*Asks:* 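Provided herewith is a single structure, encoded as structure tokens, for subsequent inquiry.
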Amino acid sequence: MSSNRKGALLVILAGACWGSISIYINYLSAAGLGTMQISFLRQMLSVMVFSLVILVRDRSKFRIELKDLWIIMLCGLINGVLFNFLYFYTIINSRASIAVVLLYTSPVFVMILARLFFGEKFTRAKLAALVLTVIGCVFVTGVIGEGYTPPAVAILTGVLTGLAYALNNILTSAAVKKNDPETVTMYTLLFSFLFLIPFSGGASLVEKCVAEPMIIAVAFIMCLVTGVLAQFVFSKGLGLIESGKAAIYGASEPIVGALVGIFVFREESNFLKILGIVLVIAAILIINSDKTSTD
């Protein structure tokens, strides 16, 4: 398998893992946890698991170039705190579907930033895939036809969520060019966890976990799927393909999110949602066939 296809599959897998997160968030939220407490548990358990894996497999992965540490610290800050705050704020103050649509303004930011920092080219295939992705995500989330207008602040935080996602994409790309993806993943999770400590609720979180032990079990599964696995394969994939292409492949997230909503939460399925899924898949196929840039 070529590095391009392998990288594409890894980023698609990461998006699929992230797309399943609503299953865990809904349970943990119903159990009384706040959004930042959920994020804290996810990052804490993820860094514990991933550190243990590296400790057993290859301790050399703990070594990192100190001059690159600031990049990974920024990844941790953006991924752990900034992104979660903006994304959850948008969900709470508008709708989850609106938040997902605004999040997927991120490919626009990624392609602009990748052009500025890495000199990645704009191609017709990229632009066509970008348009299909944005339209597809709008259809998948069911925004059209509902007659709902979100608050202006929620629109702003939603767009900023896309920018935060794009920045994390670019910074991770820079980090994995000089360091092993496992090392980048471990330290990103570590700094995310450290930055989230002030928002964890401390004693309140402990009380809730003691009162309802299933919280830890669900959070642990969430950390394995949406934390450890997703972050690792995303970092690995970014080491093999361009950031701009990765942003399109990551659109597998809203597809999985929509399918989870339909099959798990019994949300309504209609023609536009199915069309949206088809458009996003078409975008992925187009960008995968783009041979005008190197990978």
Side-chain angles (χ1 to χ4, degrees), residues 1-19 83 87 97-144 158-159 161-174 176-177 230 233-259 271-295:
M1 183 183 295
S2 68
S3 61
N4 180 51
R5 292 196 175 186
K6 184 177 180 181
L9 288 174
L10 289 172
V11 174
I12 290 170
L13 176 58
C17 291
W18 284 323
F83 175 84
Y87 193 43
S97 58
I98 299 291
V100 173
V101 169
L102 294 175
L103 168 60
Y104 274 87
T105 58
S106 61
V108 178
F109 293 119
V110 171
M111 288 189 184
I112 293 172
L113 293 173
R115 175 64 178 172
L116 292 174
F117 291 102
F118 302 138
E120 293 183 8
K121 297 178 181 178
F122 288 113
T123 66
R124 291 182 180 179
K126 283 184 180 180
L127 292 176
L130 178 61
V131 171
L132 289 176
T133 298
V134 173
I135 295 173
C137 287
V138 171
F139 287 166
V140 163
T141 52
V143 175
I144 291 179
V159 173
T161 303
L163 177 58
Y165 183 92
L167 286 171
N168 183 60
N169 184 308
I170 294 298
L171 290 169
T172 302
S173 291
V176 297
K177 290 182 187 305
V233 296
F234 181 68
S235 299
K236 192 89 170 176
L238 280 177
L240 299 173
I241 59 175
E242 290 184 349
S243 301
K245 290 187 175 184
I248 302 297
Y249 291 129
S252 57
E253 179 179 352
I255 291 180
V256 173
L259 294 175
F271 172 74
L272 285 181
K273 282 192 176 182
I274 296 172
L275 177 60
I277 292 174
V278 171
L279 290 177
V280 174
I281 292 173
I284 291 172
L285 293 175
I286 288 173
I287 204 69
N288 192 51
S289 64
D290 181 18
K291 304 300 182 183
T292 60
S293 59
T294 56
D295 298 302

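Computation of the quantities below employed the complete heavy-atom set of this structure, encompassing side-chain atoms and omitting hydrogens, waters and symmetry-equivalent molecules. Everything numeric here is computed off the predicted structure, so don't read it as measured data.
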*Asks:* Taking all non-hydrogen atoms of both residues into account, name the closest pair between Ile170 and Phe117 and its distance.
*Replies:*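 For Ile170 versus Phe117, the nearest heavy atoms are CG2-CD1, 4.4 Å.
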*Asks:* Can you find a pair of side-chain heavy atoms, one from Phe83 and one from Asn168, that are under 4.5 Å apart?
*Replies:*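 The answer is no; the side chains never approach within 4.5 Å.
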*Asks:* Donor-acceptor pairs are to be reported for all side-chain atoms of residues 233-240 against protein atoms at under 3.5 Å, with residues two or more places apart or in another chain.
*Replies:*
residue	atom	partner	partner atom	Å
Ser235	OG	Thr185	OG1	3.3
Ser235	OG	Gln231	O	3.0

*Asks:* Taking the side chain as every heavy atom from C-beta outward, state whether Leu13 and Tyr249 have any atom pair closer than 4.5 Å.
*Replies:*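 They are not in contact (no side-chain heavy atoms under 4.5 Å apart), so the answer is no.
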*Asks:* Look up atom CD1 in Ile241 and atom CG in Leu10, then write down how far apart they are to the nearest 0.5 Å.
*Replies:*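 One gets 8.5 Å once the value is rounded to the nearest 0.5 Å.
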*Asks:* Within the 4.5 Å heavy-atom criterion, are Ile248 and Val11 side-chain neighbours or not?
*Replies:*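 Ile248 vs Val11: side chains apart.
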*Asks:* What's the shortest heavy-atom distance between Ala246 and Asn169, and which atoms?
*Replies:*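 Scanning both residues completely, I find the closest heavy atoms to be CB-ND2, 4.2 Å.
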*Asks:* At their closest point, which heavy atom of Ser173 faces which heavy atom of Ser243, and how far apart are they?
*Replies:*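 Minimum heavy-atom contact is OG-OG, 2.8 Å.
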*Asks:* For the atom pair CD1 (Ile277) and CG (Leu272), what is the distance rounded to the nearest 0.5 Å?
*Replies:*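 The distance works out to 11.5 Å.
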*Asks:* How close do Tyr165 and Gly250 get, heavy atom to heavy atom, and via which atoms?
*Replies:*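 Closest approach of Tyr165 to Gly250, heavy atoms only: OH-CA, 4.5 Å.
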*Asks:* Side chain of Ser252, backbone of Ile12: donor and acceptor closer than 3.5 Å?
*Replies:*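 Side chain of Ser252 to backbone of Ile12: a pair is present.
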*Asks:* Between Glu242 and Lys126, does any side-chain N to carboxylate O distance fall below 4.0 Å?
*Replies:*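 Result for this pair is yes, salt bridge flagged.
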*Asks:* Atom CZ of Phe109 and atom CG of Leu163: how far apart are they, to the nearest 0.5 Å?
*Replies:*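 So the gap between those two atoms works out to 5.0 Å.
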*Asks:* Side chain of Ser106, backbone of Leu103: donor and acceptor closer than 3.5 Å?
*Replies:*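 Yes: the side chain of Ser106 pairs with the backbone of Leu103.
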*Asks:* Is the shortest side-chain heavy-atom distance between Lys245 and Thr123 below 4.5 Å?
*Replies:*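 Result no, sub-4.5 Å side-chain heavy-atom pair not found.
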*Asks:* Have a look at Val131 and tell me which of Ile135, Val134, Thr133 forms a side-chain contact (heavy atoms from CB on, under 4.5 Å) with it.
*Replies:*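 One option only clears the test, and that one is Ile135.
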*Asks:* Taking the side chain as every heavy atom from C-beta outward, state whether Lys121 and Arg115 have any pair of such atoms under 4.5 Å apart.
*Replies:*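 Contact flag for Lys121/Arg115 side chains = yes.
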*Asks:* Could you tell me which non-hydrogen atom of Leu132 sits nearest to which non-hydrogen atom of Ala282, and how far apart they are?
*Replies:*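 That would be CD1-CB, 4.3 Å.
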*Asks:* Heavy atoms only: give me the nearest Ala283-Ala129 pair and the separation to one decimal.
*Replies:*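 So the minimum-distance heavy-atom pair works out to CB-O, 3.4 Å.
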